[in-house]
Amino acid sequence: MSEILTDKYGRIHNYLRISLTDSCNLRCFYCIPEENYASTPTKNLMQPHEIETIVKTLVENGINKIRLTGGEPLVRKDIRDILKVFAQFPVELHMTTNGIRIDELLPQIIATNFSSINISLDTLSREKFLKITRRDYFDKVRANIDLLLQHELKVKINVVMMKGVNDEELVDFIELTRSNNIDVRFIEFMPFDNNKWTSNQVMTYQEITDQLARSYAFVPIAGEKHDTCKLYSIPGYQGRFGIISTLTAPFCSECNRIRLTADGKLKNCLFSKHETDLLNPLRRSEAILPLIKQNILAKAKGLGGQLKTDFTMIQPEVLQNRSMISIGG
Ligand code: SAM
């Protein structure tokens with residue numbers, strides 16, 4: 001086990017979430033700041049050979065699970081080269097995407113051997129999709145989910161649950177799992193820079209299970225140590241559903257995750273203020289391993305050291321963080 005990737009609380013980090021870009025072809029109101037969002041110029045993003053060097057260093061020190069994310073990972077012009085880089089690592093590989101470019105990139109996606117692909121889809125209504133994402137891609141995303149299923153790729157659907165936005169669609173999402181072997185994962189709505197989060201919009205883990213218990217006799221599925229998703233099955237249903245309860249039942253004590261932003265900054269927690277630049281030192285030919293170690297040692301015990309455990313007390317305006325689109329979800 002790597003000492004480099006072990007923090008001062010004894011947590012061993014073997015899971016890297018890497019953002020490939022902070023650009024996106026959607027404009028989800030809860031993810032991207034409304035006012036003049038500018039994505040990072042290409043020259044300041046990690047290039048494929050730089051991604052390869054940083055990831056190789058991390059894999060040599062214990063990372064054995066990687067998730068590609070963004071922004072929207074599949075909008076990068078050099079995504080085909082990047083997928084080839086990741087296909088060579090001996091790791092369990094996953095991706096989170098909005099699904100829009102899946103059909104265009106299907107051969108490369110199949111060749112990359114993903115263990116699962118998470119598609120973000122917050123509504124099953126075409127009109128509501130347009131309101132949430134400010135783009136008209138609902139039919140494309142739905143068709144691409146079917147395409148992945150036809151090719152027997154493991155599909156998970158991420159749904160950020162927000163009161164007054166999509167909370168009435170819980171049952172509709174569950175019905176997707178009746179005859180499809182997919183996992184639907186409901187995510188508690190989290191505060192980030194400029195995302196207009198208020199605590200009364202959060203639909204909690206408890207509220208989701210209470211509401212679903214009125215319609216279904218669901219059964220908990222025993223999870224693994226590092227799972228962030230509490231999973232359930234419904235007798236007779238092919239798929240499963242889960243809840244990611246970051247705000248009301250966080251999983252920090254078992255956290256095994258680190259994040260790398262598209263501009264090459266290491267973040268030891270989704271909510272950490274602190275970032276460690278790896279890209280510029282790499283460009284100056286400096287050693288990055290000591291920087292990685294320092295970053296991991298600085299990891300707070302829980303919630304980035306800045307979120308309140310009672311989410312109703314969180315004041316989003318005092319949090320020091322990036323927007324979700326520029327961290328990488
Ligand atoms: N573009 C890709 C996509 O749409 O899946 C990957 C990036 S996106 C930031 C990753 C995930 O973060 C998505 O499932 C998205 O819904 C989720 N997300 C973004 N903002 C969030 C928030 N404020 N609270 C909870 N989840 C959020």
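Just so you know, ligand 1 is whichever comes first in the structure, and atom 1 is the first atom listed for that ligand.
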**Message:** For Ile325, state whether at least one heavy atom is located under 4.0 Å from any atom of ligand 1.
**Reply:** no
**Asked** Applying a 4.0 Å heavy-atom criterion (strictly less than), which segment of Phe192 is in contact with ligand 1: side chain, backbone, both, or neither?
**Response** side chain
**Prompt:** Is the charged tip of Lys196 near the ring of Tyr30: under 6.0 Å from the six-membered ring centre and within 45° of its axis?
**Reply:** no
**Prompt:** When you measure from atom 12 (O) of ligand 1 to every protein heavy atom, which one gives the shortest distance, and what is it?
**Reply:** Met324 CE, 3.7 Å
**Asked** Between Arg178 and Tyr237, do the side chains contain an N or O donor and an N or O acceptor separated by less than 3.5 Å?
**Response** yes
**Request:** Look at atom 26 (N) of ligand 1 and say which protein heavy atom is nearest, naming residue and atom and giving the distance to 0.1 Å.
**Result:** Val160 CG2, 3.4 Å
**Asked** Are Lys156 and His94 close enough, and set up right, to give a side chain to side chain donor-acceptor pair (under 3.5 Å), and what steps lead you there?
**Response** CA-CA 11 Å; Lys156 301 182 185 180; His94 303 263; 5.3 Å; no
**Asked** Heavy-atom contacts under 4.0 Å between Thr69 and ligand 1: side chain, backbone, both, or neither?
**Response** side chain
**Message:** With a cutoff of 4.0 Å, is Gly71 in contact with ligand 1, counting heavy atoms of the residue only?
**Reply:** yes
**Asked** Which residue holds the protein heavy atom closest to atom 14 (O) of ligand 1, what is that atom called, and what is the gap in Å?
**Response** Ser120 OG, 2.7 Å
**Message:** So, regarding Met190 and ligand 1 (criterion: nitrogen or oxygen to nitrogen or oxygen, under 3.5 Å), is there a contact or not?
**Reply:** yes
**Request:** Among all protein heavy atoms, pick the one closest to atom 10 (C) of ligand 1 and tell me residue, atom and distance.
**Result:** Gly329 CA, 3.6 Å
**Prompt:** Which word best sums up how the rings of Phe241 and Phe218 line up, parallel for under 30°, tilted for 30 to 60°, or perpendicular for over 60°?
**Reply:** perpendicular
**Message:** Taking 4.0 angstrom as the limit and counting only heavy atoms of Asn98, give me the atoms of ligand 1 inside it, by number and element.
**Reply:** 2 (C), 3 (C), 4 (O), 5 (O)
**Request:** Identify, for atom 21 (C) of ligand 1, the protein heavy atom at the shortest distance, and state residue, atom and that distance.
**Result:** Tyr30 CD1, 3.6 Å
**Prompt:** For the side chain to side chain contact (heavy atoms under 4.5 Å, CB included) test, which of Leu83, Ile117, Val85 pairs with Thr112?
**Reply:** Leu83
**Message:** At under 4.0 Å between heavy atoms, is it the side chain or the backbone of Asn158 that contacts ligand 1, or both, or neither?
**Reply:** side chain
